[in-house]
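Before any comments, here is the structure.
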Amino acid sequence: MKLTDFNKIVDEQVERCLTVLAEKGKEYSLSDDRLDHFKDAAAEQDTTPKQALWGMASKHFASLSGMCKNGQSDMDRWLEKITDSINYLLLLRAVVEEEAADEKD
């Protein structure tokens, strides 16, 4: 793949991720805290926000694994699962950063 083609794919993916993060943020966040969904899930499951998030993300990673093994060809499905997986990793970064900041205080 040519570098220009690769860069176009990356640019499109980053834009898709940002769009979905904004849309899902409105749907899932019940307050000004963008991570409240994971904190609520953690409280319900008697675990940490990080563990709750990872549980939610795991289903996307498992789905991608199955798609790789089974020769999935539906590009829309690939884009959805890849985008969701990247976004869960970005949200994990935010949870980890918040935990680190809380430990400093």
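Here the structure is a predicted model, which is why all the values come from computation and not from measurement.
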List the atom of Ala41, the atom of Ala52, and the distance in Å for their closest heavy-atom pair. CB-CB, 4.0 Å
Please tell me whether Met1 and Val14 are part of a single hydrophobic cluster in this structure, the criterion being side-chain heavy atoms less than 4.5 Å apart. yes
Would you say that more than 12 heavy atoms from the other residues, nucleotides or ligands in this model lie under 6.0 Å from the CG of Asp46, or not? no
Nearest 0.5 Å please: distance from the CD atom of Gln45 over to the CG atom of Asp40. 11.0 Å
Apart from Val95 itself, residues in the same hydrophobic cluster as defined by side-chain heavy atoms under 4.5 Å: Leu21, Leu35, Phe38, Leu53, Trp54, Met56, Phe61, Leu64, Met67, Met75, Trp78, Leu79, Ile82, Ile86, Tyr88, Leu89, Leu90, Leu91, Leu92, Val96
Treating Ser63 as the side-chain partner and Lys59 as the backbone partner, does any N or O pair qualify as donor plus acceptor under 3.5 Å? no
Do the charged groups of Arg16 and Glu12 touch, with an N to O distance under 4.0 Å? no
Between Lys39 and the options Glu99, Glu98, Glu44, the salt bridge (charged side-chain N to carboxylate O under 4.0 Å, His left out) test singles out Glu98
Could you state the interatomic distance from CD (Glu80) to CG (Asp74), rounded to the nearest 0.5 Å? 9.0 Å
